[in-house]
Amino acid sequence: DRDTDKKRIEELLEENMVLEIAQKQSMNESVHLGWELEQLSKSTDLADTRKSFVFELNECASSRILKLEKDNQSLQNTIQELRDASLTSRESSLKFVELEKENQQLSKKIEKLQNQIEKEKQSNQDLETLSEELIKDKEQLQVAMETLKADKDRQVQN
């Protein structure tokens, strides 16, 4: 039983490491996607590109959250299995407590990621609104410039 418990604990520790790596990758992806968003904001086809990028960013973030939630649920199931097995040794109890703490930390990380995604969604919506306003302002300025140019041409002809 101890060997089985030790193997299970090692597997859980490996899963935890994989989750931490996945979280770091997710953070790196978020930074990279932010950089891509900046680059896209400089393009002329801003509105359509931004909408597509926001959708892709949201899909990526949602996918990552679902994966982390699935991993978290797997850890919770494993913890429940360990509880059901009525572990008696002190060492197993300590590992169980460690795994429970790690599970709580993962839950907090998932919550933080969800909050971060919500903030990014809001930021993207704000940027999209600003972009649309800037495009409208640009169009109005172009119309005004054309009007002024037409007036100038008329004055030159007179």
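For the numbers below, each heavy atom of this structure counts, side chains included, while hydrogens, waters and symmetry mates do not.
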Listed partners of Thr147 passing side-chain contact (heavy atoms from CB on, under 4.5 Å), at least two apart: Val143, Asp151
Greater than 12 external heavy atoms within 6.0 Å of Asp137's CG: yes
Salt bridge (Lys or Arg N to Asp or Glu O under 4.0 Å) involving Glu98 - partner list, sequence neighbours excluded: none
Non-hydrogen side-chain atoms of Glu36 and Leu33 separated by less than 4.5 Å: yes
Reported NZ-to-CD distance for the pair Lys101 and Gln104, which is rounded to 0.5 angstrom: 8.5 Å
Gln125 backbone acceptor or donor facing Thr129 side chain under 3.5 Å: yes
Gap separating the CG atom of Leu99 from the CG atom of Leu106, nearest 0.5 angstrom: 10.5 Å
From CD (Gln142) to NZ (Lys149), nearest 0.5 Å: 12.0 Å
side-chain contact (heavy atoms from CB on, under 4.5 Å) partner of Ile21, chosen from Lys24, Gln25, Gln23: Gln25
Electrostatic pair Arg8-Glu11, nearest N-O below 4.0 angstrom: yes
Ser107 side chain vs Asn103 backbone, donor-acceptor pair below 3.5 Å: yes
Separation between CG of Leu19 and CE of Met17, rounded to the nearest 0.5 Å: 11.0 Å
Main-chain N/O of Lys119 paired to Ser123 side chain as donor or acceptor, under 3.5 Å: no
Steps toward side-chain hydrogen bond (donor to acceptor under 3.5 Å, both in side chains) verdict (Asp153, Gln157): CA-CA 6 Å; Asp153 288 345; Gln157 287 177 355; over 6 Å; no
No-hydrogen, no-angle side-chain donor-acceptor test under 3.5 Å, Glu120 and Gln116: yes
Sequence neighbours excluded - salt bridge (charged side-chain N to carboxylate O under 4.0 Å, His left out) pairs with any residue from residues 102-118: Glu118-Lys121
Co-membership, hydrophobic cluster, residues Ile110 and Val18, 4.5 Å side-chain: no
